[in-house]
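One structure is given below, encoded as structure tokens.
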Amino acid sequence: GGIITQTPKFLIGQEGQKLTLKCQQNFNHDTMYWYRQDSGKGLRLIYYSITENDLQKGDLSEGYDASREKKSSFSLTVTSAQKNEMAVFLCASRQNERLFFGHGTKLSVL
Amino acid sequence: QQKVQQSPESLTVSEGAMASLNCTFSDRSSDNFRWYRQHSGKGLEVLVSIFSDGEKEEGSFTAHLNRASLHVFLHIREPQPSDSALYLCAVSNQGGSAKLIFGEGTKLTVSS
């Protein structure tokens, strides 16, 4: 079976800092997603990618960059962390009807 | 641009009473609908997927899709306190863009 690995699991940053979150999948799936989830809320789409080197903006892309240099990896960069920001970032990959999530990266900004 | 909205924001039902959750979407070409559950601090668990108008049952969960009215409902039969969680609706257009949009969720509390 495959797995989605997100690193790091916890990320503490400083206001204004550039922070990078990584996601690797060994399913060989074409489509990958990055979502942000604030406590007790739904998932908001930041970026998605339908294949290597493809990037598509979601509704929450401002303040973020993404990179899909390999089919197996999809990274997300917070371009300037906001003070007191706290959220979980979830990576997912999809093949046809099946969607698989990583365990998330929990971000806290001091 | 696809909009997905869920109602109510929170819902409390008594153990054993049917719970009904609503999800509305804006893109009529959407053809792929899922309901997820997320217990506090945990990951997402898929409950039921539905791709055509009508009903789809998975255990105590039934999804009801009506694309003409832009609604997909989730009914939970005889909910237990362990069903207390955040319920999320996800909508996409499988035949077109891979964009997968989630609603803001309904927080369900089942009281014993």
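Letters A, B, ... are given to chains in the order of the sequence lines, protein chains preceding strands, and every chain is numbered from 1.
Hydrophobic clustering of Ile, Leu, Val, Met, Phe, Trp and Tyr side chains at less than 4.5 Å, counting indirect connections, unites A/Y33 with B/V91. Linking Ile, Leu, Val, Met, Phe, Trp and Tyr residues whenever their side-chain heavy atoms come within less than 4.5 Å places B/L108 and B/V48 in a single cluster. The hydrophobic clustering, which links ILVMFWY residues whose side-chain heavy atoms are closer than 4.5 Å, places A/L21 and A/I4 apart. B/F73 and B/V4 are not part of a single hydrophobic cluster, where members link through side-chain heavy atoms under 4.5 Å apart.
Considering every non-hydrogen atom in both B/S92 and A/R94, the closest pair reads OG-NH2, 3.1 Å. Minimum interatomic distance between B/L88 and A/G42 (heavy atoms only, all atoms of both residues): CD2-CA, 3.6 Å.
Heavy-atom pairs under 4.5 Å with chain A peak, among B/L86, B/V46, B/T106, at B/L86.
With values rounded to the nearest 0.5 angstrom, A/F101 atom CZ is found 5.0 Å from B/Y36 atom OH. Annotation: the span from A/Y48 atom OH to B/I101 atom CD1 amounts to 7.5 Å, rounded to 0.5 Å. Rounded to the nearest 0.5 angstrom, A/K57 NZ and B/K99 NZ are separated by 11.5 Å. The distance from atom CZ of A/R98 to atom CZ of B/R34, rounded to the nearest 0.5 Å, is 10.0 Å. Considering NZ of B/K3 and CG of A/D59, their distance stands at 6.0 Å, rounded to 0.5 Å.
In A/K71, the NZ atom is crowded: over 12 heavy atoms of neighbouring residues, nucleotides or ligands sit closer than 6.0 Å. Heavy atoms from other residues, nucleotides or ligands lying under 6.0 Å from NZ of B/K56 number more than 12. Within 6.0 Å of NE2 on B/H64 lie more than 12 heavy atoms contributed by other residues, nucleotides or ligands. Few gaps surround CE on B/M18; more than 12 heavy atoms of other groups in view lie less than 6.0 Å from it.
Heavy atoms closer than 4.5 Å to chain A are found nowhere in B/Q6, neither backbone nor side chain. Only the side chain of A/L45 comes within contact range of chain B, judged by heavy atoms closer than 4.5 Å. In this structure, chain B has heavy atoms under 4.5 Å from both the backbone and the side chain of A/L99.
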